[in-house]
Number of protein chains: 2
Amino acid sequence: MSGADEYSSKRAAADAVRSRTRGGLSEEVAGYVRQLILTGALLPGERIDQEAISADLDVSRSPIREAIVMLGKEGLVDVKPRRGAAVANLSPEDIVDHYELFGLVAGRAAAMAAKNLPPSDVAELRAIHQQFAKPATTGTGVSDGLPDYAALNDRFHFIINSVAPRRTKWLLGHLVKSVPSNYYEFAEGWNQRSVDHHERILTAIESGDADAARSAMEDHLHESGIAAAEALRAQGFWQPLVD
Amino acid sequence: MSGADEYSSKRAAADAVRSRTRGGLSEEVAGYVRQLILTGALLPGERIDQEAISADLDVSRSPIREAIVMLGKEGLVDVKPRRGAAVANLSPEDIVDHYELFGLVAGRAAAMAAKNLPPSDVAELRAIHQQFAKPATTGTGVSDGLPDYAALNDRFHFIINSVAPRRTKWLLGHLVKSVPSNYYEFAEGWNQRSVDHHERILTAIESGDADAARSAMEDHLHESGIAAAEALRAQGFWQPLVD
DNA sequence: CTTCTGCATTTTAAATACAAAATCAAGCAT
DNA sequence: ATGCTTGATTTTGTATTTAAAATGCAGAAG
């Protein structure tokens, strides 16, 4: 009984899942569980109760099962035949390692961008970066007209990756999915550091220096990894599970 | 009706699948379909008929469905909601790109091996390489006591990867799975080239030169990618599908 | 008191059944 | 003759049911 409560606390989100267009339910369920894991609602080692998810999302177990297979391939859960799935025991070292790999691939894309990105895209990159570098007016007011940093960051990287070959893009998509991306709120002064990183990357691309672009991107993601691990720690991701 | 014949020609393999221990049927099915794709029995763009596989393997559609999800995550099939799955349209460029990425990650592992591989492992590496370098006595006789090159190759790389961090090993496992690994028989004189590559990698590791090990591994996999694409071509992988 | 064995319970895995969407074809209209 | 619409067929996606494996507990034996 204690297991079901774990999930049902998120019933609000559940309805959002159900409301989606028919077909591709497994994808939705995967997103739901992924979020549960990445936000620390499900701790490493904790069993994934198919029954509970089924009850919580009001979905049969077939799409849940497929979602678990997906998450297994993403490395977020361990799937043992005949004994179900559990949240993967990712260590801080795993997270750092993951981002290091991420950096390798993103570095490759950045190097290619330095050589092949069309001038118009480079210009847009600079424009976006200017928005990104705009200091957040410290007022906590909501609709302050202050930039949506996450969106700008996404677009920045999206443009850089746009000239990478297909398979490289594909792998980047996978690497970005199975890892937290909300460390903006946690790491102290992350925004400023991020701006510095982007500036270095952008400068390298503008001057067509592939090696510099690669290292800049690798360094950026190396530090992002440390920030991500810290964010997970702050969320209680590595809290010992009490039983 | 024409679709089912496509599969039933492989019924021998099908029985082998069924014979396995219970639990984890999806994994077996995935292996079966993966082989069908990698050997060119299913051509790029061709639909994956769940019913046909079900009939051919005498397995219900549930594990087949999960297998398709796996292959989707591996990038071997495209899964479109409500319109089924089809063999991914991998181009030669995709294969080369894939191996380039493979090289990036394996290069990272090799660099680490150059610094951290225990001397005993380095010694075993050398011993394996000596077996590997042994010229295949040109007699086509079967039980000639001539080395199993594929196994030696696997072990060679396995030892190198053994000191890589967990996530890196995990990614390597994924990258190696969704790509042909039988180009030994196709590329002319591949064995000799492979020996040369391994020699260069091994020398770098023995002398503790991380950068040299990395480049050697990257180059090795770059050439492997070209050979793999060639092997696929030779297998008729890119034959226009006739409809 | 401890440990091993066997039964009951729980939960997974696979098979089957059902519903909905998409494709294909034939007929009709233009 | 061509194009569109409508109906039948096929095939997918989801739910439900059934079977088997693992876990936990209880009782008996040492």
Side-chain angles (χ1 to χ4, degrees), chain A residues 1-8 14-15 17-33 42 45-73 77-88 241 243, chain B residues 1-7 14-15 17-33 42 45-73 77-87 241 243:
Chain A
M1 321 310 188
S2 68
D5 299 348
E6 191 86 33
Y7 300 87
S8 48
D15 291 344
V17 169
R18 282 264 28 164
S19 73
R20 287 298 222 111
T21 154
R22 197 161 184 108
L25 244 196
S26 1
E27 196 67 54
E28 302 285 350
V29 174
Y32 174 71
V33 177
L42 285 171
E46 194 167 353
R47 287 178 45 77
I48 292 177
D49 189 335
Q50 304 178 356
E51 201 69 41
I53 297 178
S54 171
D56 203 29
L57 261 49
D58 192 37
V59 158
S60 90
R61 284 182 41 209
S62 307
I64 292 176
R65 197 141 242 294
E66 292 175 11
I68 288 176
V69 170
M70 291 180 193
L71 297 171
K73 281 286 176 182
V77 310
D78 287 339
V79 180
K80 304 264 192 180
R82 277 289 169 196
R83 89 185 23 175
V87 178
L241 68 149
D243 290 347
Chain B
M1 313 344 183
S2 66
D5 300 348
E6 194 85 34
Y7 301 87
D15 291 344
V17 170
R18 284 263 26 162
S19 74
R20 286 298 222 112
T21 156
R22 197 159 185 110
L25 244 196
S26 358
E27 195 67 52
E28 302 285 351
V29 174
Y32 174 72
V33 177
L42 285 172
E46 194 167 351
R47 287 179 44 79
I48 291 177
D49 189 335
Q50 304 178 356
E51 201 71 40
I53 297 179
S54 171
D56 203 30
L57 261 49
D58 193 35
V59 157
S60 89
R61 278 178 45 211
S62 307
I64 291 176
R65 198 138 240 295
E66 291 175 12
I68 288 177
V69 170
M70 291 181 195
L71 296 170
K73 281 287 177 182
V77 309
D78 287 339
V79 181
K80 304 265 192 180
R82 277 291 169 194
R83 88 187 23 175
V87 179
L241 71 147
D243 287 348

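Protein chains get the first letters and strands the later ones, always in sequence-line order, with residue 1 at the start of each.
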Nearest-angstrom distance from the residue atom [atom1] of [X] to [atom2] of [N]:
{"X": "A:Asp49", "N": "C:dT12", "atom1": "CG", "atom2": "C1'", "value": "11 Å"}
{"X": "B:Ile53", "N": "C:dA15", "atom1": "CD1", "atom2": "P", "value": "14 Å"}
{"X": "B:Gln50", "N": "C:dA22", "atom1": "CD", "atom2": "P", "value": "16 Å"}
{"X": "B:Arg83", "N": "C:dC24", "atom1": "CZ", "atom2": "P", "value": "11 Å"}
{"X": "B:Lys80", "N": "D:dT11", "atom1": "NZ", "atom2": "C1'", "value": "17 Å"}
{"X": "B:Ile48", "N": "D:dT10", "atom1": "CD1", "atom2": "P", "value": "21 Å"}
{"X": "B:Glu66", "N": "D:dT12", "atom1": "CD", "atom2": "P", "value": "16 Å"}
{"X": "A:Ile64", "N": "C:dA14", "atom1": "CD1", "atom2": "P", "value": "16 Å"}

Looking at [options], which one has an atom nearest to any side-chain atom of [X]?
{"X": "B:Pro63", "options": "C:dA15, C:dT12, C:dT23", "answer": "C:dA15"}
{"X": "A:Ser26", "options": "D:dT14, C:dA14, D:dT12", "answer": "D:dT14"}
{"X": "A:Val59", "options": "D:dA15, D:dT23, C:dT12", "answer": "D:dA15"}
{"X": "B:Glu51", "options": "C:dT12, D:dT12, C:dA22", "answer": "D:dT12"}
{"X": "A:Leu25", "options": "C:dT12, C:dA21, D:dA15", "answer": "D:dA15"}
{"X": "A:Ser60", "options": "C:dA17, D:dA15, C:dT23", "answer": "D:dA15"}

For the [atom1] atom of [X] and the [atom2] atom of [Y], what is their distance to the nearest 0.5 Å?
{"X": "A:Leu71", "Y": "A:Tyr32", "atom1": "CG", "atom2": "OH", "answer": "13.0 Å"}
{"X": "B:Met70", "Y": "A:Glu66", "atom1": "CE", "atom2": "CD", "answer": "10.5 Å"}
{"X": "B:Ile53", "Y": "B:Arg61", "atom1": "CD1", "atom2": "CZ", "answer": "11.0 Å"}
{"X": "A:Leu25", "Y": "A:Leu57", "atom1": "CG", "atom2": "CG", "answer": "8.5 Å"}

C:dA14 OP1/OP2 closer than 4.0 Å to side-chain N/O of A:Arg61: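 A:Arg61 to C:dA14 OP1/OP2: no side-chain N or O under 4.0 Å.
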Short side-chain N/O contact from B:Arg82 to OP1 or OP2 of C:dT23, under 4.0 Å: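 Negative; the distance criterion is not met.
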Which residue lies more 5' along DNA chain C, comparing A:Ser62 with A:Ala85 via nearest heavy atoms: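 The 5'-side residue here is A:Ala85.
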Which atom of A:Ala67 lies closest to which atom of A:Ser26, heavy atoms considered: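 Distance-wise, the nearest heavy atoms are CB-O, 3.5 Å.
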